[in-house]
Amino acid sequence: MARTKEFDTDDVVAKAIDVFWSKGFEATSISDLVEAMGINRGSIYDTFGDKAGLFELVIQRYQIDAPSQRLLDNAETGDPREEIEIFFNALLERSDCPEGLRGCLITNSITELAARDTKMAAHFKAGVKRMEDAFFTLIKRGQETGDISPWREARTLARSLLASAQGLIVVSKVEPGKETLADIAATALSLLD
């Protein structure tokens with residue numbers, strides 16, 4: 001008879017987020033996860049398969065609370081300019097808290113793993129494409145209503161906003177100061193004029 005789990009899966013995945021976010025995938029050991037999650041090695045393997053399986057769930061769970069999720073959710077229905085501004089403001093707010101120095105788990109993982117892990121690279125590529133498409137949808141909608149200047153090509157502008165957001169996240173890890181990050185966000189948003 002199989003033993004029942006004596007832990008809450010969501011709770012232990014949340015604990016694993018902190019470990020992967022702080023150390024990265026490669027530097028995180030199973031021992032690190034056992035200690036942080038408060039479960040034994042066997043439970044990790046039985047529940048998640050392996051470290052990579054757990055990491056995939058961590059990325060999915062992290063995405064739910066990431067600033068990008070609102071942008072993705074509201075691309076078709078939200079006020080285009082407002083949604084883009086809210087996204088960049090959320091990045092600024094996040095950079096101003098203790099987690100800001102850790103950057104973004106997904107951005108960190110892209111830079112760590114995309115060149116070495118084809119499965120994760122495909123996952124991250126799809127995520128980046130979803131973000132670009134969300135920006136594109138918002139820009140096109142905003143251009144149609146006149147809230148966003150129509151003189152820039154929407155796809156090009158979407159890619160520029162995506163790159164600016166990723167750059168802001170990376171730069172925030174070296175604690176450049178609020179003014180520097182605010183300048184990056186303001187310049188990106190000025191492209192909408």
I'd like to know whether Leu138 forms a side-chain contact (heavy atoms from CB on, under 4.5 Å) with Leu71, so could you lay out the CA-CA distance, the side-chain angles of the two residues, the decisive distance to 0.1 Å, and finally the verdict.
CA-CA 9 Å; Leu138 287 162; Leu71 192 81; 3.4 Å; yes
Taking the ring of Phe87 and the ring of Phe135, is the distance between their centroids below 6.0 Å?
yes
Below 4.5 Å, heavy atoms only, C-beta onward: do Arg159 and Phe136 meet side chain to side chain?
no
Would you say the side-chain atoms of Ser43 pair up with the backbone N or O of Ile39, donor to acceptor, closer than 3.5 Å?
no
Begin with the C-alpha distance, continue with both residues' side-chain angles, and end with the deciding distance and a verdict on side-chain contact (heavy atoms from CB on, under 4.5 Å) for Phe25 and Asp117.
CA-CA 11 Å; Phe25 178 79; Asp117 185 321; 5.7 Å; no
With rounding to the nearest 0.5 angstrom, report the CD1 to OG distance, Ile17 to Ser22.
11.5 Å
Is the backbone N or O of Glu85 less than 3.5 Å from a side-chain atom of Asn89, with the two atoms forming a donor-acceptor pair by type?
yes
Between Glu112 (side chain only) and Glu26 (backbone N and O only), is there a donor and an acceptor less than 3.5 Å apart?
yes
Flag the pair Asp65 and Arg70 as a salt bridge only when some basic side-chain nitrogen lies within less than 4.0 angstrom of an acidic carboxylate oxygen.
no
Under the salt bridge (charged side-chain N to carboxylate O under 4.0 Å, His left out) rule, what do Asp133 and Arg155 come out as? Steps first, then yes or no, please.
CA-CA 8 Å; Asp133 288 345; Arg155 183 62 65 183; 2.8 Å; yes
Presence of salt bridge, Arg81 and Asp193, under 4.0 angstrom:
yes
Side-chain (Lys173) to main-chain (Asn108) donor-acceptor, under 3.5 angstrom
no
Please answer whether the main-chain N or O of Gly142 pairs with a side-chain N or O of Thr145 as donor and acceptor at a distance below 3.5 Å.
yes
Do Arg102 and Asp18 meet the salt-bridge criterion of a basic N to acidic O distance under 4.0 Å?
yes
Separation of Glu35 CD from Ser29 OG (nearest 0.5 Å)
9.0 Å
Please check: side-chain N/O of Tyr62 versus main-chain N/O of Leu105, any donor-acceptor pairing under 3.5 Å?
yes
Looking at Arg141 and Glu76, does any basic side-chain N land under 4.0 Å from a carboxylate oxygen?
no
Nearest heavy-atom neighbours spanning Ile84 and Leu189
CG2-CD2, 3.7 Å
